[in-house]
Every structure is written in C-alpha cells, then in structure tokens.
Number of protein chains: 2
Amino acid sequence: MPTLRDTIAEDLRTQITTGHLKPGDRLPSEPKLATHYKVSTPTIRQALALLQTEGLIEKTHGKGNFVRAPLRRITYRGGTGIPFAPDLQTAIRTTTIQARGHIRTLLKVPSNTLLTEFHCTTYEGEAPRSVARIYIPRDLAPAAQLASSSWPGSRDMDRTETQETVTARLPTPEEATALRISHRRTVLTVTRIALNSAGRVIEAALLVLPSDAADAVFTTHPTRNERETDR
Amino acid sequence: MPTLRDTIAEDLRTQITTGHLKPGDRLPSEPKLATHYKVSTPTIRQALALLQTEGLIEKTHGKGNFVRAPLRRITYRGGTGIPFAPDLQTAIRTTTIQARGHIRTLLKVPSNTLLTEFHCTTYEGEAPRSVARIYIPRDLAPAAQLASSSWPGSRDMDRTETQETVTARLPTPEEATALRISHRRTVLTVTRIALNSAGRVIEAALLVLPSDAADAVFTTHPTRNERETDR
DNA sequence: GAGTGGTCTAGACCACGAG
DNA sequence: TCGTGGTCTAGACCACTCA
C-alpha cells in the first residue's frame, strides 16, 4: 500500500510531466500544499524531497519550490581524449601543484613531482554542467596546452591506451555547489588514465557529472589478442 | 553551522569507521539514541537516513538498525563479453519473450521478434550483488547458450563492436528488492549493445549494480582511424 | 515586514519480527 | 506480547528572499 508521501509525490510528478506545471513555475507554498492534500507539512516536505532527488523540482530557501527545466543529457564519450559531446562552453583554470595522495598514485610518479592541473568547468549557457580536474606531469604539459581552445591532454599526444573507471556517489559539498545541484543528487564520476606507448601515465583526469542528466558511452572493438587472453 | 542531524550522523559515522561499532552490531534503538543525543526521534531518524544512503547501516523493520559490512567492490569490465571480475556465483533463468519497447529499439528488430531473455543474478555467498537482463534474438541464442556455465552471449560469437552506456539512477522497487538495497541507494546501470561484423545487433544487455560498491572499467586503445575521424 | 523553506519537537498510531 | 522501526501530526522557531 502506497504511503501518503508517495501518492502526493506521484500526483505532483504527473502534473509536471503532463505539463500542468511547467519548468520555472513555482509550486504552491508548503503550507498551502499541506492543506490542499490534507496532510501536515513534514509529509509534504517528504514528498517534495522525493521529487528533488529525481531532479524534477528545485528548492530555494526563502523563495519557493520550482519546477526544474529538464536538463539536456550530456554524453561523455570514452576512449578518445575528448570529453563531452554537445556544444558546451568550457572554462579552464591552470595551476601547478605537487603530486600527492590519490593523484600521485594514479600518475605513478614520485612524491612532489610537479604537475600541471587543469580545472575545467563546462557550461550550457549560465548553468555549469560538469567539472573536471586533469593532471599532467609538467614536462608533458606544454604539448597538452597547445590545444588551449579544446580540452587539455588531447589526441596530438602519444596516447596509446586509455583506462576509465566509472562510478557514482554523493557529491562533495564543493561539487554540489560547483554543479549547482542538491546534496541529495548523485554524481557520476569518471577517473581516466592515459598511457603512452612507453607505458608511462601521461594524464590523470577526474570528471564529475550530474548523474540524472549524464551518460558515459564506451565503444570497444575487441582485438584477436583480447579475445584469446580473456578468461 | 552543522545541523543536529549532521553532527549526530558524523558521530555515529566515526564510531563505525573507527571500529567502536562493528559490522553486524545493532545500534541502540531509536528512542534510546534520541534520549542519548537529547533530540527527538525524527531527528535521529534523519541522521540514520544519511548513514543509510551512505551504505554504512542497514535498517530492518522490527529488528533494529545494524552496521553493514563494507561490501567488496565489484568491478564491471567493459569491452569484453565477460561481465564481472570477482568469484561470484551466477544464477541464470532463461525465457522467451517478444521484442517490444525499449528492448526492441536497442536490438533494432521488428516488433514481436522472438528473443531469448537471460535473467542473471550474481551472488557473493547469499547476498545478491548484481542483476542483469540479456536479450538475444532467438535465432542466435543456441550459440550463446553453449557457454551455459559462463554468461550468455560470450565471445565465441562473431562480436566486433560493443557499445556500453553507463549511468546512475534510483533503483526500481524490483531492483531494490532483488539487490536487497534500500530505495535510497542509487544503482549504476550499464546498457550494452554488441554488434557482429555485419553490423547486426546480436545482443542487448541491461546490468544493474549497487553504485556504492561497483566500478565500471573501460580500457580503450585508439586506432589511427579513430584519431583522425574524431572531431 | 511578509512570506518562504529549514530544522526540530513531542508525541500518536501502525506494521513488522521474535520469543 | 513486546520491542522495534515506519508513518504521520500539529505545531514551534529560525533563516532566507524580496519588496
């Protein structure tokens, strides 16, 4: 038997998806919804929290609850060095740091090796849609910076293998504010490592995308060699 | 300024991670926690809900709240036809269905084409760790069934390209019960399409994994061709 | 200052699990 | 039957936004 909050959430959900409530519309205030549905405000809030995790509404303290515009899906295309498909603007900030911790492990370099960090944010208009941090050993960085209009670490480098690990988790507070999403929404993360023909790690990248509007697509062509060595 | 529920969650979190509370331990009942922390039960429950979405505790109606054993991570290895890395048991159920809706679109077959559906569940001991549904046009299915001890649709078929789409979302109620996870935990989904040398879709697969204990890893080797045709 | 959502209280009642 | 968590109520008080 469905609970009150579920039936209320379902009702609001259909009102949004059928267009009775349009993107940008403000929902009635929580007390008004409570009297309309004949429940108390905490119950209404639980229903709204559901819709928030689904990405259907956006809550703003002091203003109200708003129907969110359905995000255009972002497709991250794996394998190539090129991160994102649609026409998004990218802002890149470059700094130099010393290798440590997780990043050092990914790049397999000694401690305090100098790295160039590219801090990339893609925007769709005003809205940030992804954040990424790309680390390249500084002796390789000049070549990578050539493609300054595109993303760093692109294909003009001697890249022979790319390994990408995809997982999902709750965002850190910084990621939530950077992507302007609620703390409740999960993010899809891609950890990418690129090797050159000598087996050296020439790039490590950490990408974060809102999981409700992002797909990661990987196309692979098994070689004869892979077919035989796989168990 | 942190809220009460956050400080309580943080306190319990450190008790779990430092080992004061061990996997399998039952937490004090919610009223007892409420009096201990000098808050009301709803506040305790919000703190526990946080830990639940983090996968640290498991709530069982009528029994109590228990510290969850940290799950061994599952690694889904993309590219090959072989789905999972660790030594997991697999249960496979086979049925025949007619193509329709989403599956039909993925396989690019006419409506009502006969398909063999493999419903696969992997277990680590008693615990289900992943569910998958694999669809193969029935005229191709006998070859796939050869590898009955392994997974269906494996590499002995003429598979030249695999395309995998990874995303994350909340589980359907069926998926939550099948994986024995809470409705709040997100799942990682992999939609896989395999093509043969003629360009025919010879397999469509939908995999669902608990996102907190699963990674999807993809290794790609760009060919000269790909380097040039990519924009 | 008026209206909004965010947090929290102190209960009530029901449903589930185990003895 | 008893203790547990699940749901819900009817408020209170604070913080934020905007006029």
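In what follows, chains are A, B, ... by sequence order, proteins preceding strands, each numbered from 1.
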Taking the nucleotide of DNA chain C with the closest heavy atom to each, which residue, B/Asp6 or B/Thr60, is nearer the 5' end?
B/Asp6
For a quick test of reading the model, state the closest non-hydrogen atom pair linking A/Thr167 to B/Ala214 and the distance between them.
OG1-O, 3.0 Å
Taken to the nearest whole Å, NZ/A/Lys32 to C1'/C/dA2 is 12 Å
Residue set satisfying side-chain hydrogen bond (donor to acceptor under 3.5 Å, both in side chains) with B/Glu10, at least two apart, ordered chain then number -> B/Arg13
Tell me if a side-chain donor or acceptor on B/Arg129 pairs with a main-chain N or O of B/Pro210 at a distance below 3.5 Å.
no
Check whether the side chains of B/Arg192 and B/Tyr76 place a donor and an acceptor atom closer than 3.5 Å, and report yes or no.
yes
Quick one: how far along DNA chain D does chain B reach, first to last nucleotide 5' to 3', anything under 4.0 Å to a heavy atom?
D/dG3 to D/dT7
Let me spell it out: for each of A/His61 and B/Gln46, pick the nucleotide of DNA chain C with the closest heavy atom. Which residue's pick is nearer the 5' end?
A/His61
Comparing nearest nucleotides in DNA chain D, the 5'-proximal residue of the pair B/Lys63, A/Thr41 is B/Lys63
Can you tell me how far P of C/dC14 sits from CG of A/Leu4, to the nearest Å?
14 Å
Nucleotide C/dG3, atom C1' - distance to CZ of A/Arg26 in whole Å:
8 Å
Between A/Ser211 and A/Thr186, is the side-chain hydrogen bond (donor to acceptor under 3.5 Å, both in side chains) condition met? List the steps.
CA-CA 6 Å; A/Ser211 72; A/Thr186 56; 2.6 Å; yes
Could I get the full list of side-chain hydrogen bond (donor to acceptor under 3.5 Å, both in side chains) partners for B/Thr95, not counting sequence neighbours?
B/Glu117
Regarding the side chain of A/Pro31, the nearest nucleotide among C/dG5, C/dT4, C/dG17 is C/dG5
Name the nucleic acid region contacted by B/Arg45, choosing base, sugar-phosphate or nothing; use a 4.0 angstrom heavy-atom cut-off, strictly under.
base
